[in-house]
Amino acid sequence: MITRIAFQDAATFASPLLTVFAVDIAIGKDATPLPTLLTTSDTISDAAAAFLTGGEFKASAGETLLLHAPSGLKCERLLIVGLGKSKLLSPNQVRIGAGTAIRTAKLKSIRNCAIAFPEDRSLSDEALEDLPCSLTTRALVEGAYIADFDPDTYSTDRKDKSMDVLSVVSSTPERSTQLEIQEGFAEGNILGTSIAFTQALVNEPGNVLTPTVLGERALAMCTEFGIQCKVYSTAKLKELGMGAFLGVTQGSAEPPALIVMTYEPAKPPADGTPVFGLVGKGITFDTGGISIKGADGMEKMKYDMAGAAAMIGAMRAIAQLKPAARVISVVCSAENMPSGTAYKPGDVLTAMSGKTIEVMNTDAEGRLVLADGLHYAKQLGATQLIDAATLTGACVVALGVNNSGLFSNDEATCEAFQTAMRRAGESFWRLPCTDDYKEYIKSSIADIMNTGMNRWGGAISGAMFLKEFVGDTPWIHLDIAGMAWVENQRSYIAKGPSGVAVRSIVEWVHELTPKP
């Protein structure tokens, strides 16, 4: 997709489809909706006036109204996209609105689309302070890229409906505002393409994206963007003593991949700058191993490497945004398969840290590979840790598919992440990870066991297990099991991989990196 900016009146911009956002400014739960366009163009407002006052269009979030040959405009079609109540307006609503515009255009085989930048002078009694130009532009472009992805990669009759051109049109004459929009536009392209890269990785079937191939794709990305990358396999795991990771790999004919990516800033970081460690669970297919899963839904277990994909996508963005901090990413990739050589319930594994683990369930494999990955990231120098994983179904039971789980051992680190996630427009809900839950994973034969003592608090048990391997290092754990895959197509995103966590991880690095 080619993206571009035009600074002119959107009414004079020639395009097959021009999108303008609208909000409902009515106050009160039962008030009659008052849809209002987020544009200062009188020509656009006049062209849509009769349709906005008829009561059919209410500007609710995701609602669309398509007008053909709008009077006085250079565009062939005018698409009005609702963002919901004006009091709830945020960059994330713009992100969703942009995604809705792209999905609507794609359904009509329109491959050249323009979106009018939402202008803060359009509402006389609404200041819209929560729409900073840079962040809003970034959100708009990100939303377009996320929406442009379709999962039907291997369909033999696939009709490519990818967007060819996206234009962002702003009428602002102020040079300072134009510069802010251009800054957000550049960042949006970096993050948007990195999320799309992540979506494409997660979408690949397990017979295509083996651990070896994941390593190859990570290496190719790192080579393209100037990141150091090393991909290791079984011999390195044995050399490092990664017994937990090795245990998971035993049942598969496919060798594992330990992927280590390192971003180095152009200048030595300032004193006190953290070294960030990004650790991802990369199970390219998860049968559950000997504790095999039920057949229903197992085909989706190709997405069990979504945490790894998020880290690879985040590193792709970090390499281009160039923060003044060192960033190390460790991805632990394997298949979890049942076979005569597979690890078994009751086995005791010795992790790289020396801690011993009683295997209670081989389907709790993600925490085993992450245990060694987190410890190794610390050995490589990381002073701030974050991991992402489709770790537990229990987290989905607890939070549904509207939030991912957030755990931490450090208040300042957690607060920084929560600030980052709000800027990124992603939803994570913090769950407890305190020492009074330690008894949940206490083993009678080893130091710890890889599941809780019962079914209660399963997501917390998983987090408590990982906490054993980070020590005093400030750490964030993201359980993205419920958010990494979109089960039902929405107005702004296709069914399939979401690319969740990339934006928040990148923002978190930015938040904790000292500013010059």
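Looking at Leu374, Asn336, Ile283 one by one, the single match for side-chain contact (heavy atoms from CB on, under 4.5 Å) with Val369 turns out to be Ile283.
Checked by atom type, the side-chain pair Thr193/Arg316 shows a donor-acceptor distance below 3.5 Å. Checking Glu511 against Thr419 by side-chain atom types alone, no donor-acceptor pair falls below 3.5 Å. Judged purely by distance below 3.5 Å, without hydrogens or angles, the side chains of Asn112 and Asp164 never pair a donor atom with an acceptor atom. Side-chain polar atoms of Thr451 and Asn361 form no donor-acceptor pair below 3.5 angstrom. In this model, a donor atom of one side chain and an acceptor atom of the other lie less than 3.5 Å apart for Asp436 and Thr434. For the 3.5 Å distance criterion, the side chains of Asp410 and Ser408 fail to qualify, holding no donor opposite an acceptor.
Side-chain contact between Met421 and Ser427 is absent, with no heavy-atom pair separated by less than 4.5 Å. Side-chain contact check for Met305 versus Val202: some heavy-atom pair is nearer than 4.5 Å. Within the 4.5 Å cutoff, the side chain of Phe428 has heavy atoms near those of the Ile480 side chain. Residues Phe407 and Leu466 form no side-chain contact, since every pair of their non-hydrogen atoms from C-beta on lies 4.5 Å or further apart.
The ring-ring contact (aromatic ring centres under 6.0 Å, His included) check on Phe117 picks up nothing, with sequence neighbours excluded. In this structure Phe285 satisfies the ring-ring contact (aromatic ring centres under 6.0 Å, His included) test with no other residue, sequence neighbours excluded. Partners of Glu204 under the salt bridge (Lys or Arg N to Asp or Glu O under 4.0 Å) rule, at least two apart in sequence or in another chain, are Arg217. With sequence neighbours left out, the side chain to side chain contact (heavy atoms under 4.5 Å, CB included) criterion links Ala420 to Glu507, Trp508. Taking the ring-ring contact (aromatic ring centres under 6.0 Å, His included) definition, one finds that Phe51 meets it with nothing, sequence neighbours left out.
The aromatic rings of Tyr440 and Tyr437 sit perpendicular, their planes meeting at an angle over 60°, well past the 30° parallel limit.
Ring-centre distance between Phe465 and Phe469: below the 6.0 Å cut-off.
In this structure, Gln178 contributes its side chain and Thr172 its backbone to a donor-acceptor pair below 3.5 Å.
Sorted by first then second residue, the salt bridge (charged side-chain N to carboxylate O under 4.0 Å, His left out) pairs that include residues 140-152, not counting sequence neighbours, are Arg95-Glu142, Arg103-Asp150, Lys106-Asp148, Lys106-Asp150, Arg138-Glu142, Glu142-Arg503, Asp152-Arg158.
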